[in-house]
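One structure is given here, and the rest of the page talks about it.
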Amino acid sequence: MPFPDLAARVAEIRGRIASAAERGGHRQHVEIVAVTKMHGADAVEAAVMAGVPRVGENRVQEALAKMDAVTVPAEWHLIGHLQSNKAKHATRFALVHSVDRPSIADAVDAAGVSAGLRVDVLVQVNVLGEASKGGYAPADVPAAAERLRRCAGLVVRGVMTMAPLDADEAALRRAFSGAREARDRLLAAGHPAVELSMGMSNDYEVAVEEGATLVRLGTILFGPRPR
Ligand SMILES: *Cc1c(COP(=O)(O)O)cnc(C)c1O
């Protein structure tokens, strides 16, 4: 059986999440999204069996193939950059974390409208203005909040961010608290934007201290990704 100690690892991580949430004082509920990218369907099945039904994929094509291969009920999250020509597949995901620019918001909105449903999305925010990453600048969030209100094919459920890989703790806290403030802006603008997707294997405890409701964990659950 692949990933034999996964349930124990999940239990340990849940304990760390609970402690971090206590320290942070935001009183939020936190869920794990198991990042199964580059692993096979067996990782998805192992996560579900270990009590983690939310799984994150960063490529549409890879995710669709795994959806067909997986035999257990999983909740599929898209966490990676979405190209416009793949936006129609957004309707296959329970939550799209990576609405990172107005053109993709429009494309996902159109996909929802033509499917007759509303796609649940997060607004990806690039808090520290890293050139290598997509995402709305925090200063653009109020305008985005207005524009997204007119979208009948999507629902804004919150904010996603990625911290720099090499960040020290102060920079991590700036990135995560900035994302929290962006989330609070969307809430104040009337969106049901309670979710805050932030924190990966190396920084999830700080993210939870800063209010994360969804942590996206890959390596810490499954080990190094195969290539
Ligand atoms: C790969 C990935 C993760 C998981 O990273 P780990 O360091 O393996 O936990 C989280 N979020 C996004 C957007 C990713 O692409």
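Model, not experiment: these values are computed from the prediction. Indexing begins at 1, ligand by ligand and atom by atom, following the structure's order.
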Discussion item. Rounded at 0.5 Å granularity, tell me how far CD in Q28 sits from CD in E210.
Written reply: 10.0 Å
Practice prompt. May I ask you to list the atoms of ligand 1 that are less than 4.0 angstrom from any heavy atom of G218?
Written response: 4 (C), 6 (P), 8 (O), 9 (O)
Response to the item:
For I79, the atoms of ligand 1 under 4.0 Å from one of its heavy atoms are 11 (N), 12 (C), 13 (C), 14 (C)
Worksheet item: What do you reckon, does R225 put a non-hydrogen atom under 4.0 Å from ligand 1?
Response: yes
Worksheet item: Among E31, R183, H97, which one satisfies side-chain hydrogen bond (donor to acceptor under 3.5 Å, both in side chains) with S197?
Response: H97
Worksheet item: Heavy-atom distance under 4.5 Å between the side chains of V35 and L217, does that happen here?
Response: no
Practice prompt. List every atom of ligand 1 that sits less than 4.0 Å from any heavy atom of M162, numbering the atoms from 1 in the order shown and giving each element.
Written response: 13 (C)
Discussion item. Give me the nearest non-hydrogen protein atom to atom 6 (P) of ligand 1 as residue plus atom name, then the distance to 0.1 Å.
Written reply: S201 OG, 3.5 Å
Response to the item:
Which of K66, R92, R216, K37 passes salt bridge (Lys or Arg N to Asp or Glu O under 4.0 Å) with E57? Answer is K66
Worksheet item: Can you list the ligand 1 atoms lying under 4.0 Å from a non-hydrogen atom of T219?
Response: 6 (P), 7 (O), 8 (O), 9 (O)
Worksheet, complete the sentence: of all protein heavy atoms, closest to atom 10 (C) of ligand 1 is M200 SD, 3.4 Å
Worksheet item: Quick one: do the T71 and E45 side chains pair a donor with an acceptor below 3.5 Å?
Response: yes
Fill in: atom 14 (C) of ligand 1: nearest protein contact (heavy atom, Å)
K37 NZ, 3.0 Å
Worksheet entry | Any side-chain donor near an acceptor of the partner, D100 and H81, under 3.5 Å | yes
Worksheet entry | Backbone or side-chain N or O of R216 under 3.5 Å from ligand 1 N or O | yes
Fill in: Min side-chain heavy-atom separation V121-V96 under 4.5 Å
yes
